[in-house]
Amino acid sequence: MTNSANQVYPVIWHNDSVSLIDQTRLPNEYTFVEIHRSEDMALAIKTMIVRGAPAIGVAAAYGMYLGAREIITSDRTEFLNKLETVAQLLRETRPTAVNLFWAISRMLNTAHATEGSVEDIKQVLFHTAQAINAEDLQTCQAMGDHGLTVLPKTPEKLTLLTHCNAGALATAGYGTALGVVRSAWHEGRLERLFADETRPRLQGAKLTAWECVQENIPVTLITDNMAAHCMQRGLIHAVVVGADRIAANGDTANKIGTYSLAIVAKAHNIPFFVAAPFSTVDFALANGSLIPIEERHPEEIYQVGDTRLTPEGVEFYNPAFDVTPAELITAIITENGAFAPGDLAKYQLKQCVN
């Protein structure tokens, strides 16, 4: 489902259910999965039919409503207890993406705070899920605008590099890192996007490249280990990536390979930006060493399609994320502006005081 500008919306409430773009089938098949139950939503998140921290948060919010709709009782206490079971089911799907937990907590807090009957609570939960969806889209567009203010002023047309997919497919629409790219393209400031292939699941090759083609954004695909060469050749003016969780000090967890990209950017004096909504900042974690890192099935490494790439007997290590230290990050771009990593906590404190 795209509009006239070919905008992509990966999570849509449609015909009393949730329609998800099946991202495991892109770019060869553009198909949708209809989700009617909370258990199906949990499976869709776990198997990465829907992925990207903000999109996972939106999907989880709808999953909470679907779970609430399945609870048959008029007793408020019983309903809230069963809703907690739904929440736990969804929490267990992806441990690193903090937006998942943020959305679930918001839905639970809304349920507990809503007065009236169980049916009243269900209706409020539905509207809250829709609000989370709409707010994320507005957040991404604001991030794109703020990103324009911190990108290098020269040259006039920039070549940017991104890793994984932090685009419309990873959000309610528009994107975080790719939202900054889109805004630069719309304002005539983008010459070309270089997209890391992003091993082992190839989100850059399959998803970021696909999104760019939909909107005629010039995109060049490279393997992850070509980034340093491209920087050495002067082909890259700035790096923009997304985030799945940001600690209070600005340390950032993102798709595996982001940390090494940040080191290489630092070595070549190239600015390195993280674009993420403020809901991705986990102020309960002092630094990145406390961020849980999801490990995925080794078949993502040893197999492509039905073809095994490695000999029997070899062992595997498949972390899905790594943590980039705050000192390697030029700025974190949010819907509230772009901040030096160390200023995130100061901004939160200022907002609390106000």
Side-chain angles (χ1 to χ4, degrees), residues 1-14 18-33 35 44-45 48-62 97 99-100 103 130 132-148 160-187 190 193 195-196 198 201-219 221 240-244 254-255 273-277 279-280 333-335:
M1 293 184 182
T2 59
N3 64 15
S4 58
N6 294 329
Q7 181 63 47
V8 174
Y9 300 98
V11 185
I12 302 172
W13 181 261
H14 180 67
V18 182
S19 292
L20 301 177
I21 295 175
D22 188 345
Q23 298 188 39
T24 64
R25 294 182 178 273
L26 289 172
N28 298 321
E29 294 182 50
Y30 184 37
T31 60
F32 289 83
V33 176
I35 304 294
I45 295 171
M48 297 178 73
I49 287 172
V50 59
R51 29 78 40 212
I56 288 172
V58 173
Y62 280 122
N99 300 66
L100 169 73
Q130 287 192 307
I132 289 172
N133 195 341
E135 289 165 11
D136 185 71
L137 182 57
Q138 294 169 356
T139 291
C140 288
Q141 291 169 337
M143 262 185 281
D145 293 339
H146 289 302
L148 285 176
L160 304 177
L161 173 65
T162 194
H163 187 71
C164 195
N165 173 262
L169 289 168
T171 63
Y174 203 74
T176 55
L178 207 52
V180 175
V181 172
R182 280 190 170 91
S183 292
W185 175 245
H186 295 157
E187 292 297 315
L190 182 73
L193 176 70
D196 274 351
T198 318
R201 291 189 62 92
L202 306 177
Q203 295 99 323
K206 294 179 177 180
L207 306 180
T208 296
W210 180 83
E211 283 196 45
C212 290
V213 168
Q214 304 312 300
E215 297 187 44
N216 298 313
I217 296 173
V219 59
L221 185 69
V240 188
V241 300
D244 284 79
N254 193 50
K255 186 56 56 184
F273 300 103
V274 172
S279 59
T280 303
I333 303 164
T334 77
E335 70 273 29

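Computed from a predicted structure; not experimentally measured.
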Can you see whether Tyr174 engages Ser183 through a side-chain donor-acceptor pair at a distance of less than 3.5 angstrom?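 A pair is found: one side chain offers a donor N or O, the other an acceptor, under 3.5 Å apart.
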Modelled atom types, side-chain donor and acceptor of Asp196 and Thr198, under 3.5 Å: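 Checked: Asp196/Thr198 side chains show no N/O donor-acceptor pair below 3.5 Å.
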Where [X] and [Y] come nearest, the two heavy atoms and their spacing:
X: Leu161; Y: Ala195; result: CD1-N, 4.4 Å
X: Ala60; Y: Leu100; result: CB-CD1, 3.6 Å
X: Cys140; Y: Gly175; result: CB-O, 3.1 Å
X: Ala172; Y: Pro10; result: O-CD, 3.8 Å
X: Val11; Y: Val58; result: CG1-CG1, 3.8 Å
X: Thr24; Y: Met48; result: CG2-O, 3.5 Å

May I ask you to decide if [Y]'s main-chain N or O and [X]'s side chain share a donor-acceptor pair within less than 3.5 Å?
X: Thr208; Y: Cys164; result: yes
X: Gln23; Y: Leu169; result: yes
X: Asp136; Y: Pro54; result: no
X: Arg182; Y: Gly167; result: no

So [Y] and [X], do their side chains get closer than 4.5 Å, heavy atoms only?
X: Ile56; Y: Asn99; answer: no
X: Arg51; Y: Asn165; answer: yes
X: Glu135; Y: Glu335; answer: no
X: Trp185; Y: Leu193; answer: no
X: Asn254; Y: Val274; answer: no
X: Trp13; Y: Val18; answer: yes
X: Ile21; Y: Phe32; answer: yes

Take the angle between the ring planes of Tyr30 and Trp210 and call it parallel below 30°, perpendicular above 60°, tilted in between.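 Because their plane-to-plane angle lies in the 30° to 60° range, the rings of Tyr30 and Trp210 count as tilted.
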Leu178 side, atom CG; Leu160 side, atom CG - distance, nearest 0.5 Å: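 So the gap between those two atoms works out to 10.0 Å.
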